[in-house]
There are 2 protein chains.
Amino acid sequence: MTDTARGTSRRYGTRPTMKDVAARAGVGLKTVSRVVNGEPGVTPDTERRVQEAITSLGFRRNDSARILRKGRTASIGLVLEDLADPFYGPLNRAVEEVARRHGALLINGSSAEDPAREQELVLALCARRVDGLVIIPAGDDHRYLEPEITAGIATVFVDRPAGRIEADAVLSDNFGGARDAVAHLIAHGHRRIGFIGDQPRIHTARERLRGYHSAMAAAGLPVDDSWVSLGSTAPDRVRAATTTMLDAPTPVTAVFAGNNRVTVTAVRVLRERPRPVALVGFDDFELADLVRPAITVVAQDPAHMGRTAAGLLFRRLDGIEDPPRSTEIPTRLIARGSGEIPPSES
Amino acid sequence: MTDTARGTSRRYGTRPTMKDVAARAGVGLKTVSRVVNGEPGVTPDTERRVQEAITSLGFRRNDSARILRKGRTASIGLVLEDLADPFYGPLNRAVEEVARRHGALLINGSSAEDPAREQELVLALCARRVDGLVIIPAGDDHRYLEPEITAGIATVFVDRPAGRIEADAVLSDNFGGARDAVAHLIAHGHRRIGFIGDQPRIHTARERLRGYHSAMAAAGLPVDDSWVSLGSTAPDRVRAATTTMLDAPTPVTAVFAGNNRVTVTAVRVLRERPRPVALVGFDDFELADLVRPAITVVAQDPAHMGRTAAGLLFRRLDGIEDPPRSTEIPTRLIARGSGEIPPSES
DNA sequence: CCGTTGATTGACAACGTTGTCTAGAGGCTA
DNA sequence: TAGCCTCTAGACAACGTTGTCAATCAACGG
């Protein structure tokens, strides 16, 4: 009457096992296993009895035991930087979709751009014996993964390459995209162009910087040190950097923002300036077309990246043994107006 | 020479177990277990030998076996509608953060607003024996969860209540928020106000509709059938609905958009109209302040919801046995301009 | 009527870990 | 020195499932 009053007669917190089902149905353990897994070799009559016992006891197979026995967990891990960043939403979703089609569950977590936390999370996933890992790395040394990969955990890096180990990677064309963005500004008459990017330890930030320099050099334009600022994407930092390069002795007339968070802050800052300043951002974002002027961006395709990475992962899990390779996903310049603002006379 | 050439001498795809470590260190199985788990009762010398064996073999504890033995998985499941929806990003992140503080991993998946898929996902998580579940329900009948809850899986519903079972829930004040939104429009002179909402089978859509009617009734305003449209949030549907109510014989002069996706499409449609139309949207979104006119919204606090839900879940897991309760998170009207547009004469 | 075949079924070990219990070593007191 | 206590260490069972293998039985051909 105390804790068995919940409708069933089982003790609260205790679940029936196959043994209970077997006893209730008057059959052997293995027969229950066969029914639960839809294996052949069971008479319709026996199957019915077992099914009845299953439903009346509320039995649900314990996948922990199954996993232990079978060795495969039918789950993959996804480690990304921030679950709340809208850029990773479609990537996350795409990975989940592919996992689902392969009957696998997705375990994920945020590294918060902290290499130690990334490692902690990855190793926790390895201890769970996920079948594979999709990692957007925060750190730049992944040798700690070597024993895991040797032990058979398939691993694919996305957005940024692995550090100091050989592994599959799916990357955006950061260099080319940045070059296109800056070339677009140059084509509209700009000669003094600023670049505000993420921390230089992040691979994508370095590649985009390289693209910036490449485009400037290709046009024969000099680059003033004060036009380039790499660092945190916190609004304060970006605001300060933007203001500095707009108020410099040789002020920029256009800004290339190195990722979506930078772009958003840059839009706010530019909005407050007396004269219009051209802007191109890396990463597309919702409503970029509704802001006035509409924001010209270099769009990545995060869903495509996620699909590609997960696809590669499952090919590995199916036993394909090619050497690790790096896949590059193209970017696309979407001209919406903010990049076409001509330089205002200084 | 064929498959043992990866640096270590173990077979590829096979991992060392505690037994291997014990053999290598010349100690018993249980001693290894003690070292791995930091339990007392091991001399420093023995511990050193075991540690050495662990690192040289690349041993990593198999949590599947541990889970099977201990009964607790140290993981919780999160089922939401769409991992890519920016509204759920901060909620997801907040749940993860709380889980992390409790040493638990997060397994998650999208229901795609499909009740069958929700159930499939939830039951898969139960089979994994997650300790608890945070569910943003797609369906309206959760009796299938009863045996699981009885068996001890803590469950908290977020954003929408559970259907046909008693369970904890964390909800926004959808009714109050909607009422405030519509009252705001009324206060700025509007008498013919349209409501474009989500599918009526979704609880939040119904609550917001109720808020709409309540505000209209409180102001003594009649509501024409053609002013209310519930259905899919697909852009085409929303576009058609908006256009219809703006071109009706008694056209609306203001629109209340029932959620973030509706708002975005509504902004695009209104932008194309010759005369300005007032707009208030449910859900805040990034850049709402940068669009012109800036969008007035009723903001929910998804991170707060996630934190609250996860906190409640872990309290349950700590053994608190109060009866299920429903927590309401307040909403906040953020006036930015689009709601203050006066009605244009018709 | 008997041996053979095929289908159905269950006993048992194993997956890798942790909880329980006992053995043994060593130190202390009487 | 006997007796007792503490501390370290390991043997063993158990968690719930699945793979292997052997047993049983009905049907069938000769």
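Here is the naming used below: chain letters follow the sequence lines, and residue numbers restart at 1 for every chain. All heavy atoms count here, side chains included; hydrogens, waters and symmetry mates do not.
Side-chain proximity of A/R66 to the nucleotides D/dT18, C/dG10, D/dG16 is greatest for D/dT18. Residue A/A65 places its side chain closer to D/dT17 than to any other of D/dG10, D/dT17, D/dA9. With D/dT18, D/dG10, D/dT8 as the candidates, the nucleotide lying closest to the side chain of A/K70 is D/dT18. Closest to the side chain of B/T43, from the set C/dT17, D/dA9, C/dT8, is D/dA9. Nearest to the side chain of B/F59, among C/dT17, C/dT9, D/dT8, sits C/dT17. Of the candidate nucleotides D/dT17, D/dT8, C/dT17, D/dT17 has the atom nearest to the side chain of A/L29.
Between the side chain of B/R69 and the base of C/dT18 there is at least one donor-acceptor pair of N/O atoms closer than 3.5 Å. Residue A/K30 places a side-chain atom within donor-acceptor reach of the base of D/dG19, judged by atom type and a 3.5 Å distance cut-off alone.
With rounding to whole Å, A/M18 atom CE is found 20 Å from C/dA14 atom P. Across the protein-nucleic acid pair, A/K19 atom NZ and C/dA11 atom P stand 12 Å apart, rounded to whole Å. C/dG16 atom C1' lies 15 Å from atom CG of B/L57, rounded to whole Å. What separates CD1 of A/I67 from P of C/dT17 is a distance of 15 Å, to the nearest Å. Between A/N37 atom CG and D/dG16 atom P the separation is 17 Å, expressed in whole Å. Atom C1' of nucleotide C/dT8 and atom CD of A/E39 are separated by 13 Å, given to the nearest angstrom. Residue A/L68 contributes atom CG, which lies 9 Å from atom C1' of C/dA14 at whole-angstrom precision. Residue A/D45 contributes atom CG, which lies 19 Å from atom P of C/dA7 at whole-angstrom precision.
Between the side chains of A/H142 and A/Q119, not a single donor N or O lies within less than 3.5 Å of an accepting N or O. Side-chain atoms of B/R128 and A/N62 form no donor-acceptor pair, as typed in the model, at a separation below 3.5 Å. Side-chain contact, B/S110 with B/D82: no donor N or O sits under 3.5 Å from an acceptor N or O.
Salt-bridge annotation for B/R117 and A/E97: present, with a side-chain N of the basic residue lying under 4.0 Å from a carboxylate O of the acidic one. A salt bridge links B/R316 with B/D168: the distance from a Lys NZ or Arg NE/NH1/NH2 to an Asp or Glu carboxylate oxygen falls below 4.0 Å.
Within the 4.0 angstrom heavy-atom criterion, no nucleotide atom of any strand lies near B/V36. Contact annotation for A/T46: backbone-only contact, meaning every heavy-atom pair under 4.0 Å involves sugar-phosphate atoms and none involves a base. Counting any heavy atom pair closer than 4.0 Å across all strands shown, B/R34 reaches a base atom. Across all strands, A/D63 comes closer than 4.0 Å to no nucleic acid atom at all (heavy-atom distances).
Comparing B/R129 and B/G28 by the nucleotide of DNA chain D that holds the closest heavy atom to each, the one mapping nearer the 5' end is B/G28.
Phosphate proximity of C/dC15 to B/N62: absent, as no side-chain N or O sits under 4.0 Å from OP1 or OP2. Contact annotation: B/T31 side-chain N/O to D/dA9 OP1/OP2 distance is not under 4.0 Å.
In the displayed structure, B/E52 atom CD is contacted under 6.0 Å by at most 12 heavy atoms of other residues, nucleotides or ligands.
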